[in-house]
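Atom set for the values below is all heavy atoms of this structure, side chains included, hydrogens, waters and symmetry mates excluded.
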Amino acid sequence: MKEKRHAKILEIIRRQNVDTQEELCDILNSEGFSVTQATVSRDIRELKLTKISLNGGQKRYALISDTEDGLSEKYRRVFQDGVLSIDMAQNILVIRTVSGMAMAVAAAIDMMNCHEIVGSIAGDDTIMCAVRTVEDTVALMRRLKKVL
(Lines give C-alpha, C1' and ligand atoms only; values in the text may rest on other atoms or scores of the structure.)
Protein backbone atom coordinates (compact mmCIF):
# COMPACT_ATOMS: atom_id res chain seq x y z
CA MET A 1 0.00 0.00 0.00
CA LYS A 2 2.85 2.37 0.85
CA GLU A 3 4.44 1.88 -2.57
CA LYS A 4 1.16 2.71 -4.31
CA ARG A 5 0.72 5.79 -2.12
CA HIS A 6 4.27 6.95 -2.86
CA ALA A 7 3.69 6.48 -6.58
CA LYS A 8 0.45 8.45 -6.33
CA ILE A 9 2.18 11.27 -4.41
CA LEU A 10 4.83 11.55 -7.12
CA GLU A 11 2.12 11.57 -9.80
CA ILE A 12 0.21 14.31 -7.95
CA ILE A 13 3.18 16.63 -7.46
CA ARG A 14 4.16 16.23 -11.12
CA ARG A 15 0.73 17.18 -12.44
CA GLN A 16 -0.20 20.00 -10.05
CA ASN A 17 1.31 22.48 -7.62
CA VAL A 18 0.91 21.27 -4.05
CA ASP A 19 2.33 23.56 -1.39
CA THR A 20 1.18 22.09 1.95
CA GLN A 21 1.02 18.68 3.58
CA GLU A 22 -2.66 19.28 4.32
CA GLU A 23 -3.39 19.91 0.64
CA LEU A 24 -1.57 16.72 -0.34
CA CYS A 25 -3.45 14.83 2.37
CA ASP A 26 -6.81 16.10 1.03
CA ILE A 27 -5.91 15.13 -2.54
CA LEU A 28 -4.82 11.64 -1.48
CA ASN A 29 -7.99 11.14 0.56
CA SER A 30 -10.13 12.26 -2.40
CA GLU A 31 -8.33 9.71 -4.59
CA GLY A 32 -9.12 6.81 -2.26
CA PHE A 33 -6.12 6.77 0.07
CA SER A 34 -6.96 7.03 3.76
CA VAL A 35 -4.07 9.09 5.15
CA THR A 36 -3.35 11.47 7.99
CA GLN A 37 -1.07 14.49 7.94
CA ALA A 38 1.50 12.48 9.95
CA THR A 39 1.55 9.77 7.27
CA VAL A 40 1.97 12.36 4.52
CA SER A 41 4.79 13.99 6.49
CA ARG A 42 6.63 10.65 6.71
CA ASP A 43 6.01 10.01 3.01
CA ILE A 44 7.46 13.41 2.10
CA ARG A 45 10.58 12.66 4.14
CA GLU A 46 10.96 9.13 2.70
CA LEU A 47 10.48 10.36 -0.87
CA LYS A 48 12.95 13.19 -0.24
CA LEU A 49 10.56 15.84 -1.46
CA THR A 50 11.45 19.48 -1.00
CA LYS A 51 9.67 22.76 -1.50
CA ILE A 52 10.81 24.85 -4.42
CA SER A 53 9.95 28.47 -5.14
CA LEU A 54 7.86 29.44 -8.12
CA ASN A 55 7.45 32.81 -9.76
CA GLY A 56 5.27 35.09 -7.66
CA GLY A 57 6.54 33.74 -4.35
CA GLN A 58 4.49 30.54 -4.39
CA LYS A 59 6.06 27.27 -3.31
CA ARG A 60 5.39 23.68 -4.27
CA TYR A 61 6.64 20.22 -3.46
CA ALA A 62 9.13 18.67 -5.88
CA LEU A 63 11.27 15.58 -5.98
CA ILE A 64 14.90 16.20 -5.16
CA SER A 65 16.51 14.66 -8.21
CA ASP A 66 20.16 14.38 -8.93
CA THR A 67 21.41 16.19 -12.00
CA GLU A 68 24.30 15.33 -14.28
CA ASP A 69 26.80 17.01 -11.95
CA GLY A 70 25.60 14.99 -8.96
CA LEU A 71 23.99 17.89 -7.12
CA SER A 72 20.40 17.91 -6.00
CA GLU A 73 18.55 21.19 -6.43
CA LYS A 74 18.90 21.94 -2.71
CA TYR A 75 22.69 21.58 -2.73
CA ARG A 76 22.94 23.42 -6.04
CA ARG A 77 21.25 26.46 -4.44
CA VAL A 78 23.58 26.30 -1.43
CA PHE A 79 26.58 26.10 -3.74
CA GLN A 80 25.43 28.90 -6.05
CA ASP A 81 24.36 31.19 -3.21
CA GLY A 82 27.43 30.55 -1.08
CA VAL A 83 30.42 30.56 -3.43
CA LEU A 84 32.16 33.86 -4.14
CA SER A 85 35.25 32.60 -5.97
CA ILE A 86 37.19 29.49 -6.91
CA ASP A 87 40.96 29.53 -7.36
CA MET A 88 43.81 27.04 -7.28
CA ALA A 89 47.35 26.80 -5.97
CA GLN A 90 48.96 23.77 -7.58
CA ASN A 91 46.85 20.82 -6.39
CA ILE A 92 44.89 22.79 -3.77
CA LEU A 93 41.51 24.20 -4.69
CA VAL A 94 40.60 27.30 -2.68
CA ILE A 95 36.93 28.23 -2.55
CA ARG A 96 35.89 31.54 -0.97
CA THR A 97 32.32 31.70 0.33
CA VAL A 98 29.93 34.10 1.92
CA SER A 99 30.79 34.42 5.62
CA GLY A 100 29.44 31.43 7.53
CA MET A 101 28.69 29.35 4.42
CA ALA A 102 31.89 27.34 4.00
CA MET A 103 30.64 24.24 5.84
CA ALA A 104 27.37 24.17 3.86
CA VAL A 105 29.19 24.62 0.54
CA ALA A 106 31.67 21.90 1.54
CA ALA A 107 28.72 19.58 2.21
CA ALA A 108 27.37 20.37 -1.27
CA ILE A 109 30.77 19.55 -2.77
CA ASP A 110 30.86 16.30 -0.79
CA MET A 111 27.51 15.36 -2.38
CA MET A 112 29.14 15.65 -5.80
CA ASN A 113 31.37 12.66 -5.00
CA CYS A 114 34.40 14.25 -6.62
CA HIS A 115 36.93 11.42 -6.89
CA GLU A 116 39.64 14.04 -7.50
CA ILE A 117 39.37 15.40 -3.94
CA VAL A 118 41.48 13.61 -1.36
CA GLY A 119 40.11 15.71 1.50
CA SER A 120 38.84 19.15 2.35
CA ILE A 121 38.82 21.60 5.24
CA ALA A 122 36.17 24.27 5.70
CA GLY A 123 36.44 27.31 7.92
CA ASP A 124 34.04 30.23 8.14
CA ASP A 125 34.41 31.60 4.60
CA THR A 126 37.06 29.44 2.95
CA ILE A 127 37.30 25.82 1.83
CA MET A 128 40.60 24.18 0.93
CA CYS A 129 40.42 20.96 -1.05
CA ALA A 130 43.48 18.77 -1.51
CA VAL A 131 43.23 17.41 -5.04
CA ARG A 132 45.17 14.42 -6.40
CA THR A 133 46.97 16.21 -9.24
CA VAL A 134 47.32 19.67 -10.76
CA GLU A 135 45.48 18.41 -13.86
CA ASP A 136 42.62 17.16 -11.69
CA THR A 137 42.53 20.54 -9.96
CA VAL A 138 42.12 22.36 -13.27
CA ALA A 139 39.36 19.98 -14.40
CA LEU A 140 37.56 20.15 -11.06
CA MET A 141 37.74 23.94 -10.99
CA ARG A 142 36.16 24.05 -14.47
CA ARG A 143 33.45 21.61 -13.37
CA LEU A 144 32.59 23.62 -10.24
CA LYS A 145 32.53 26.91 -12.14
CA LYS A 146 29.95 25.42 -14.52
CA VAL A 147 27.64 24.88 -11.53
CA LEU A 148 27.88 28.57 -10.69
Linked, directly or transitively: Leu148 and Ile109 (ILVMFWY side chains, under 4.5 Å): yes
For the pair Thr36 and Cys25, evaluate side chain to side chain contact (heavy atoms under 4.5 Å, CB included) and give the outcome as yes or no after the intermediate values. CA-CA 7 Å; Thr36 64; Cys25 189; 5.5 Å; no
Result of checking Asp87, Asp125, Asp124 against Arg96 for salt bridge (charged side-chain N to carboxylate O under 4.0 Å, His left out): Asp125
Using the side chain to side chain contact (heavy atoms under 4.5 Å, CB included) rule, take Leu144 and Phe79 through it: C-alpha gap first, then chi angles, then the decisive distance, then the call. CA-CA 9 Å; Leu144 293 176; Phe79 188 84; 3.9 Å; yes
CD1 of Ile121: more than 12 outside heavy atoms within 6.0 angstrom? no
Which residue, Ile27, Leu28, Val40, Thr39, forms the side-chain contact (heavy atoms from CB on, under 4.5 Å) with Phe33? Leu28
In terms of hydrophobic clusters joined by side-chain contacts under 4.5 Å, are Ile44 and Ile9 together? yes
Got a sec: does the CD of Gln90 have more than 12 other heavy atoms crowding it under 6.0 Å? no
Taking CE in Met88 as the centre, count heavy atoms belonging to other residues, nucleotides or ligands within less than 6.0 Å. Is the count above 12? yes
same_hphob_cluster(Met128, Val131) at 4.5 Å side-chain heavy-atom cutoff: no
Would you sort out whether Asp136 and Cys114 count as a side chain to side chain contact (heavy atoms under 4.5 Å, CB included), showing the intermediate values? CA-CA 10 Å; Asp136 284 346; Cys114 301; over 6 Å; no
Quick one: side chain to side chain contact (heavy atoms under 4.5 Å, CB included) partners of Arg142, sequence neighbours excluded? Val138
Under 4.0 Å between a Lys/Arg side-chain N and an Asp/Glu carboxylate O for Glu11 and Arg15? yes
Applying side chain to side chain contact (heavy atoms under 4.5 Å, CB included) to Ala122 and not counting sequence neighbours gives Ala102, Met103, Ala106, Ile127
Cluster check Leu84, Val78: I/L/V/M/F/W/Y, side chain < 4.5 angstrom: yes
In the single-linkage hydrophobic clustering (I, L, V, M, F, W, Y; side-chain heavy atoms under 4.5 Å), do Ile86 and Val134 co-cluster? yes
As a quick check of understanding, evaluate side chain to side chain contact (heavy atoms under 4.5 Å, CB included) for Thr137 and Glu116, giving each step before the final call. CA-CA 8 Å; Thr137 308; Glu116 304 93 340; over 6 Å; no
What distance do Gln21 atom CD and Leu49 atom CG have between them, rounded to the nearest 0.5 Å? 10.0 Å
Atom CE of Met1 and atom NZ of Lys8: how far apart are they, to the nearest 0.5 Å? 11.5 Å
